[in-house]
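Letters A, B, ... mirror the listed sequences (proteins, then strands); counts begin at 1. Just so we're clear, the structure is a prediction, and the values are computed from it rather than from any experiment.
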There are 2 protein chains.
Amino acid sequence: MSIRHSLLALLASDSAYGYQLRARFETLTGSVWPLNIGQVYTTLARLERDGLVVGAGSDDEGRIIYRLTGPGRDELALWWSSPVGRSARPRDELAIKIALAVTDPTIDAAAILQTQRSDTMRSLQDLTKLKRHTEQDEVAWRLVLESMIFNAEAEIRWLDHCESTLLREAHRRPEVGRPPGPSEPTPQNATARGTGAPA
Amino acid sequence: MSIRHSLLALLASDSAYGYQLRARFETLTGSVWPLNIGQVYTTLARLERDGLVVGAGSDDEGRIIYRLTGPGRDELALWWSSPVGRSARPRDELAIKIALAVTDPTIDAAAILQTQRSDTMRSLQDLTKLKRHTEQDEVAWRLVLESMIFNAEAEIRWLDHCESTLLREAHRRPEVGRPPGPSEPTPQNATARGTGAPA
DNA sequence: TGCGCCTTACATACCGGGTATATATACCGA
DNA sequence: TCGGTATATATACCCGGTATGTAAGGCGCA
């Protein structure tokens with residue numbers, strides 16, 4: 001529901017038409033998470049259907065100006081007042097993938113952790129470089145960037161934690177489910193190979 | 001695309017029917033992210049449509065057993081070998097919300113940061129409590145839990161960082177965009193009020 | 001025996017998010 | 001004037017997610 005409320009919030013400051021809303025959103029988040037224009041129009045249509053905005057005809061050009069209604073303001077106030085719950089968040093694909101990898105004895109989980117780590121490390125460096133080039137008056141964009149940096153750092157810490165857990169497990173019960181002979185019916189080799197983590 | 005690949009991965013170890021797949025998935029992730037049974041069947045239907053699995057008739061009961069095809073194994077190998085990119089991730093609703101809040105002068109961003117912080121703190125404590133009650137042989141579930149803990153910790157650090165940035169900003173350019181007189185055309189008071197953050 | 005209830009198992013309707021594409025106008029430079 | 005780019009709206013389609021429907025089998029109990 002994040003687009004829905006974002007549009008409401010943007011409309012609270014000032015009425016606007018679809019294209020304008022996308023532009024505002026993108027300057028906010030510096031165009032990470034590019035917002036597809038189609039979503040803006042479909043979401044606006046739903047908001048109008050639900051009575052949260054009204055699309056007042058055209059301005060001097062043929063553009064459709066949307067503005068908040070009373071219920072729209074109520075809905076927005078509710079959003080501002082309630083925290084973003086952890087249950088509201090989408091499934092974490094990486095966590096699931098690693099969970100699957102460490103469970104399946106035919107998968108080389110250590111190699112997967114390595115490739116993931118170096119990839120995350122690389123994007124962490126990209127983000128840090130990006131941060132150095134932001135103007136100090138773009139506060140919102142800067143905070144979004146730093147959010148991604150904090151998340152990437154947490155991810156690296158977690159991956160390291162997974163690796164040491166894996167080693168401890170291998171020590172605790174060595175060669176579980178991994179037959180010594182080359183008699184796998186389904187080889188399923190993990191082709192993942194780390195390019196080497198910087199650190 | 002995380003369900004799609006999760007089902008492929010689960011089917012790689014052993015052929016199964018839909019209901020069974022959900023059960024396996026839920027023991028993996030300890031039923032955070034509960035997987036709706038409907039999604040399993042629709043996803044299986046799409047996988048069969050795309051030739052990645054085949055639904056071989058019925059077993060001794062009337063159940064439809066799915067198993068991986070060659071292309072299915074290829075697709076799965078590709079998934080294992082490629083890291084989860086940061087661009088593949090969904091929009092972060094919290095980051096967007098805070099970005100919107102700090103940009104809109106009519107919103108009390110500090111209050112929102114406070115409520116969010118105490119909420120996240122609360123779930124962090126819940127997660128830590130949960131972790132204490134996990135058996136040591138449930139490795140996958142434990143790692144998923146710890147992933148959520150690491151993320152919650154990063155979120156708290158980020159929220160604190162936002163708060164200090166906000167204070168610095170307020171000092172750098174005091175009362176920007178906030179007219180001294182009570183002449184707002186649209187009041188839009190943030191009703192958010194912190195319940196008081198621990199620590 | 002039969003009624004109700006739970007679990008297992010599959011299926012479908014519906015909504016929102018996300019992407020790609022179609023269409024039209026305006027402007028600008030070669 | 002032709003083509004490319006920016007502006008602006010709209011629509012088709014897929015996937016993820018939720019709720020609901022349906023049906024068979026097992027279990028308890030009056």
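Residues meeting the side chain to side chain contact (heavy atoms under 4.5 Å, CB included) test with A/Glu26, sequence neighbours left out: A/Arg22, A/Ser31, A/Pro34, A/Leu35. A search for salt bridge (Lys or Arg N to Asp or Glu O under 4.0 Å) contacts involving B/Arg67 returns nothing, not counting sequence neighbours. Residues that satisfy the side chain to side chain contact (heavy atoms under 4.5 Å, CB included) test with A/Ala101, not counting sequence neighbours, are A/Ile107, A/Ala109, A/Ile112, B/Trp80. Checked against salt bridge (Lys or Arg N to Asp or Glu O under 4.0 Å), A/Glu146 has the following partners two or more places apart in sequence or in another chain: A/Lys131, A/Arg142. For A/Arg91, there are no salt bridge (Lys or Arg N to Asp or Glu O under 4.0 Å) partners two or more places apart in sequence or in a different chain. In this structure A/Pro71 satisfies the side chain to side chain contact (heavy atoms under 4.5 Å, CB included) test together with A/Leu52, A/Thr69, sequence neighbours excluded. For B/Asp160, the salt bridge (Lys or Arg N to Asp or Glu O under 4.0 Å) criterion is met by B/Arg117, not counting sequence neighbours. Taking the side chain to side chain contact (heavy atoms under 4.5 Å, CB included) definition, one finds that B/Ala154 meets it with A/Asn151, A/Ala154, B/Arg157, sequence neighbours left out.
Contacts of A/Arg49 with the nucleic acid, taken as non-hydrogen atoms under 4.0 Å apart, involve only primed sugar atoms and P, OP1 or OP2.
Contact annotation: B/Tyr41 does not reach the phosphate of C/dA11 (side-chain N/O to OP1 or OP2, under 4.0 Å). Side-chain nitrogen and oxygen atoms of A/Arg91 include at least one within less than 4.0 Å of the OP1 or OP2 phosphate oxygen of D/dG17. Dashed line: the shortest gap from a side-chain N or O of B/Arg46 to OP1 or OP2 of D/dC15 is under 4.0 Å. In this structure, B/Arg22 does not reach the C/dT8 phosphate: none of its side-chain N or O atoms is under 4.0 Å from OP1 or OP2.
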With the criterion being N/O to N/O and under 3.5 Å, what pairs connect the protein with nucleotides 21-25 of chain C, and how long is each?
none

Sort me out a list of protein N/O and nucleotides 22-24 of chain D N/O pairs below 3.5 Å, or just none if empty.
none

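A/Glu93 and B/Arg89 are not joined by a salt bridge, as no carboxylate oxygen comes within less than 4.0 angstrom of a charged side-chain nitrogen.
Each end of the helix from C/dT1-D/dA30 to C/dA30-D/dT1 gets its own axis, taken as the rotation carrying the C1' atoms of four end pairs onto the next four within a five-pair window, and the two axes meet at 10° to the nearest 10 degrees.
No donor-acceptor pair closer than 3.5 Å links the side chain of B/Glu75 to the backbone N or O of B/Gly72.
In terms of position on DNA chain C, the residue among B/Gln39 and B/Gln20 whose nearest nucleotide sits closer to the 5' end is B/Gln20.
Screening residues 37-54 of chain B for side chain to side chain donor-acceptor pair (under 3.5 Å) gives B/Arg4-B/Asp50 as the qualifying pairs, with residues at least two apart or on separate chains.
For A/Arg4, taking side-chain heavy atoms from C-beta onward, the closest of the listed nucleotides C/dG17, C/dT12, C/dA9 is C/dG17.
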